[in-house]
Amino acid sequence: MQRTTKAKNLGLKSLSLLVIVTLFLCCAGGHLGKNNSGQFKNGMVVSANEIASQVGVDILKKGGNAVDAAVAVQFALAVVYPNAGNIGGGGFMVYRSAKGEVNTLDFREKAPAKANRDMYLDTLGNPIVDKSLYGQLAAGVPGSVAGMVEAHQKYGKLKWADLVAPSVALANNGFKISARQASELNGLKNRFTKLNPLGTALVKDTKWAEGDLLTQTELGKTMKRIEEQGRAGFYEGTVAEAVVTEMNRGGGIITKEDLKNYQAIWRKPLQSKYRGFDVVTMPPPSSGGIALIQLLKSVEPYPLKKWGFNTDSTVQLMIEAERRVYADRAKHLGDPDFYKVPVEGLMADAYVKKRMASFNWEKASTSAEISAGEVAPAEHEETTHFSIVDKEGNAVAITTTLNGSYGAGVVVKDAGFLLNNEMDDFSVKPGSPNMYGLVGGEANAIAPGKRMLSSMTPAILAKDGDLYMIVGTPGGSTIITSVFQTILNVVDFDMSMQNAVAAKKFHHQWLPDDVAVETNALDSLTSEKLKAKGYKFVSRGAIGRVDAILKTKWGYYQGGADPRGDDKAVGW
Ligand code: GLY
């Protein structure tokens with residue numbers, strides 16, 4: 001009898017424990033929303049599109065590692081997320097193995113050999129805006145396929161063809177577009193029609209609607225060539241010829257030699273610490289890594305946790321840090337293969353401290369009084385980011401881009417992929433803003449074979465030798481501040497990954513001298529207090545589309561898929 005009661009009690013206790021654990025696992029992620037599907041032990045992919053996330057998880061389930069999954073997701077996004085997923089663009093990968101080895105891969109586009117610094121200026125020396133944004137001349141030499149081949153050769157486990165095959169099928173069989181995609185394709189119909197007089201799969205006679213099948217057979221043929229021939233299937237032969245024919249049709253300058261000569265480059269990662277977390281991120285030609293580390297160092301001495309999320313002190317400090325960091329970006333950052341970027345100097349503790357010493361809590365600084373520091377020598381925004389972790393704990397953060405939404409708007413005839421408009425990320429004319437309002441100087445002037453400066457900030461955080469967070473986002477100039485805020489949201493403000501990603505954001509970039517704020521990001525008390533000190537706020541739509549993964553202390557992966565898009569965390 002006693003034994004039965006004990007057993008009953010034990011049973012009840014186990015049941016309660018089970019309920020508590022289940023409730024915890026369901027709820028620890030905070031408000032999960034439609035974009036997030038919970039917490040998982042074996043691996044996770046968070047990307048801008050559910051189909052692509054699922055392709056990645058299928059690869060993980062087949063025994064592929066995080067890099068295998070990343071290659072498959074990159075190609076899948078090129079099909080199912082054509083506004084930024086790409087084979088005609090470029091990007092950056094940050095890698096951290098389960099054992100803590102780190103590496104970064106630069107597959108950023110390059111200026112063609114025939115490019116020159118004044119190629120987008122009129123006879124009076126003024127920028128002709130559309131010239132670096134639309135059409136064949138706006139395109140840099142694509143890097144994505146070379147990047148995926150490099151990543152796979154170094155770290156991949158599964159066969160190359162198995163990673164590309166899902167995208168061949170997706171392109172040939174088609175996929176159902178979302179309401180958001182239907183509306184984008186309808187909105188861009190005129191541009192696509194003008195830029196693609198021979199027709200493209202992205203245009204149809206009637207209006208696109210949610211659930212319509214988008215079939216891209218020309219892209220399917222290119223994907224098949226990549227599946228069978230790897231790098232040569234894209235940079236040589238039929239596809240290279242199609243690119244050159246496309247260039248000739250619209251006044252572009254990419255040649256067969258440009259394509260054949262393109263190389264992705266392994267670069268030494270930037271590494272720093274923030275409140276005891278190891279931060280690994282991308283070096284130049286991304287400005288994002290340096291800027292992120294400068295921002296974290298700028299705010300680290302202050303008690304953000306005590307002040308709280310988006311209070312006036314927190315927001316003011318972050319704005320002033322951003323003002324100084326973006327002023328540095330404009331002057332000091334460019335392709336390190338062409339310009340001596342003072343990487344160590346910009347990230348030095350003493351330098352960051354000196355930069356922050358000049359601000360006044362009583363009154364907003366003005367961007368006119370802030371310029372780049374003297375450093376000791378040493379979109380429409382569209383890009384997309386995905387985060388992946390595998391069963392062993394290997395982690396990949398990839399941010400990849402065509403630059404503007406649907407890049408240059410040109411789909412290479414017979415090859416089916418969109419050209420990037422990444423040339424606009426150069427400083428077309430020193431001091432003149434690009435499409436993100438960013439200004440730059442000599443460091444980022446156009447030169448043949450040079451990589452244009454980027455803001456993409458894929459990053460991985462670790463704690464005590466163990467993976468902690470994988471994070472990144474699209475958003476042009478707002479990429480850096482969105483990644484910065486997401487990290488603070490988790491580390492300083494104790495948010496779950498999903499809540500950190502969903503939290504409203506603000507952004508300042510030195511010039512223009514105002515602060516862009518998502519609707520309702522700041523409460524009226526905070527904004528009134530800051531306005532009284534001279535801060536100017538400009539309301540705007542979505543800032544960033546962060547896709548991130550957090551490893552909880554219980555060893556589960558918690559996804560943060562941005563509700564601003566169709567993004568989706570899929571785990572297993
Ligand atoms: N095209 C956006 C960036 O690379 O920052």
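In each ligand, atom 1 is the first atom listed, and ligand 1 is the first ligand listed. One-based numbering along the sequence shown.
Evaluation of the ring-ring contact (aromatic ring centres under 6.0 Å, His included) rule for F506 yields no partner, not counting sequence neighbours. The salt bridge (Lys or Arg N to Asp or Glu O under 4.0 Å) search around R451 returns D106, not counting sequence neighbours.
The part of E422 lying near ligand 1 is the side chain, judged by heavy-atom distances below 4.0 Å.
In this structure, F426 has its ring center at least 6.0 angstrom away from the ring center of Y120.
Taking each of N434, I480, L402, D425 in turn, the one with a heavy atom nearest to atom 2 (C) of ligand 1 proves to be D425.
Under a 3.5 Å cut-off, the side chain of N186 and the backbone N or O of A182 do form a donor-acceptor pair.
Atoms of ligand 1 lying under 4.0 Å from at least one heavy atom of N403, given by number and element, are 1 (N), 2 (C). Residue R108 has at least one heavy-atom neighbour below 4.0 Å for each of these atoms of ligand 1: 4 (O). Short contacts between ligand 1 and T401, defined as distances under 4.0 Å to a heavy atom of the residue, involve ligand atoms 1 (N).
In this model, no donor atom of one side chain and acceptor atom of the other lie less than 3.5 Å apart for Q509 and E322.
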